[in-house]
Amino acid sequence: DAGVTQSPTHLIKTRGQQVTLRCSPKSGHDTVSWYQQALGQGPQFIFQYYEEEERQRGNFPDRFSGHQYPNYSSELNVNALLLGDSALYLCASSSGFMETQYFGPGTRLLVL
Amino acid sequence: DAKTTQPTSMDCAEGRAANLPCNHSTISGNEYVYWYRQIHSQGPQYIIHGLKNNETNEMASLIITEDRKSSTLILPHATLRDTAVYYCIVRALSSNTGKLIFGQGTTLQVKP
């Protein structure tokens with residue numbers, strides 16, 4: 001049984017560029033949450049997708065957007081990248097938005 | 001803001017029990033206590049959660065005080081692979097609380 005998978009594992013971008021990160025949830029899970037983890041900090045909630053809609057959002061600007069597909073996989077898009085967007089981006093899935101979240105290995109983004 | 005307080009760091013001898021404390025004095029009646037851990041550069045790993053009764057699984061035990069204002073995660077026989085950052089999170093399971101709020105966590109160093 002595959003767990004949560006994320007791609008790519010690492011990514012390097014330059015300021016102003018756009019990036020798309022991908023997440024496949026654990027089998028049987030229909031809810032995907034995204035988190036940003038800066039170096040030395042705990043993960044910070046970005047948003048959560050359920051039934052292909054954003055149902056909750058953290059304190060992140062509109063440059064951060066997402067999408068969920070009918071097969072429950074999800075994308076995180078970040079526009080106009082800033083140096084401060086360099087972080088580990090984590091995807092977590094759950095079987096319903098109130099259930100236990102299971103995390104993927106993350107995508108490490110470096111913005112130069 | 002995180003609703004929990006944890007020591008910044010702890011050491012434990014390999015083979016001994018690791019007892020990680022967490023204070024959550026403002027916890028509400030409908031809030032659960034969740035524990036995750038994060039091994040360096042990996043995604044957080046779910047360990048255990050509970051409401052008011054003590055819980056045990058194959059990884060750990062969770063002891064919640066009767067007034068629910070604090071809890072202790074117990075790793076019964078710590079190994080070097082248990083070295084990680086441990087996060088204690090309180091979370092209400094309602095339609096408005098999909099997110100996990102991470103604090104700084106406790107860095108547990110298991111020593112040979």
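Below, chain A is the first sequence line, B the second, and so on; all start at residue 1.
Within the model, atoms CD of A:Gln44 and NZ of B:Lys99 stand 9.5 Å from one another, a figure rounded to the nearest 0.5 Å. Between the CD1 atom of B:Ile47 and the OG1 atom of A:Thr100 there is a distance of 12.5 Å, given to the nearest 0.5 Å. With rounding to the nearest 0.5 angstrom, the CZ atom of B:Phe102 is 8.0 Å from the CD atom of A:Gln37.
Following chains of ILVMFWY side-chain contacts shorter than 4.5 Å, one cannot reach B:Leu75 starting from B:Ile63, and the two form parts of different hydrophobic clusters. Two different hydrophobic clusters hold B:Ile74 and B:Tyr87 under the rule that ILVMFWY side chains link at heavy-atom gaps under 4.5 Å. Transitive grouping of hydrophobic side chains (ILVMFWY, heavy atoms separated by less than 4.5 Å) brings B:Ile64 and B:Trp35 into a common cluster. Under a hydrophobic-cluster definition in which Ile, Leu, Val, Met, Phe, Trp and Tyr are linked whenever side-chain heavy atoms come within less than 4.5 Å, directly or via other members, B:Val90 and A:Met98 are assigned to different clusters. Hydrophobic cluster membership is shared by A:Val19 and A:Ile46, with clusters built from Ile, Leu, Val, Met, Phe, Trp and Tyr side chains linked at under 4.5 angstrom.
For the options A:Gly40, A:Pro43, A:Ser33, A:Gly42, heavy-atom pairs under 4.5 Å to chain B are most numerous at A:Pro43.
More than 12 heavy atoms of other shown residues, nucleotides or ligands fall within 6.0 angstrom of atom CG in A:Asn71. Within a 6.0 Å sphere centred on CZ of B:Arg16, other residues, nucleotides and ligands contribute 12 heavy atoms or fewer. Within a 6.0 Å sphere centred on CZ of A:Phe45, other residues, nucleotides and ligands contribute more than 12 heavy atoms.
Only the side chain of B:Gln38 comes within less than 4.5 Å of a heavy atom in chain A; its backbone stays farther off. Heavy-atom distances place the side chain of A:Tyr35, and not its backbone, under 4.5 Å from chain B. If you measure heavy-atom distances from B:Tyr32 to chain A, you find no contacts under 4.5 Å at all. A:Gln6 does not touch chain B: none of its heavy atoms, backbone or side chain, sits under 4.5 Å away.
Inspection of non-hydrogen atoms places A:Tyr102, A:Phe103, A:Gly104, A:Pro105, A:Arg108 of residues 102-112 of chain A under 4.5 Å from chain B. Against chain B, the residues from residues 74-96 of chain A that qualify, each with a non-hydrogen atom under 4.5 angstrom away, are A:Leu88, A:Leu90 in number order.
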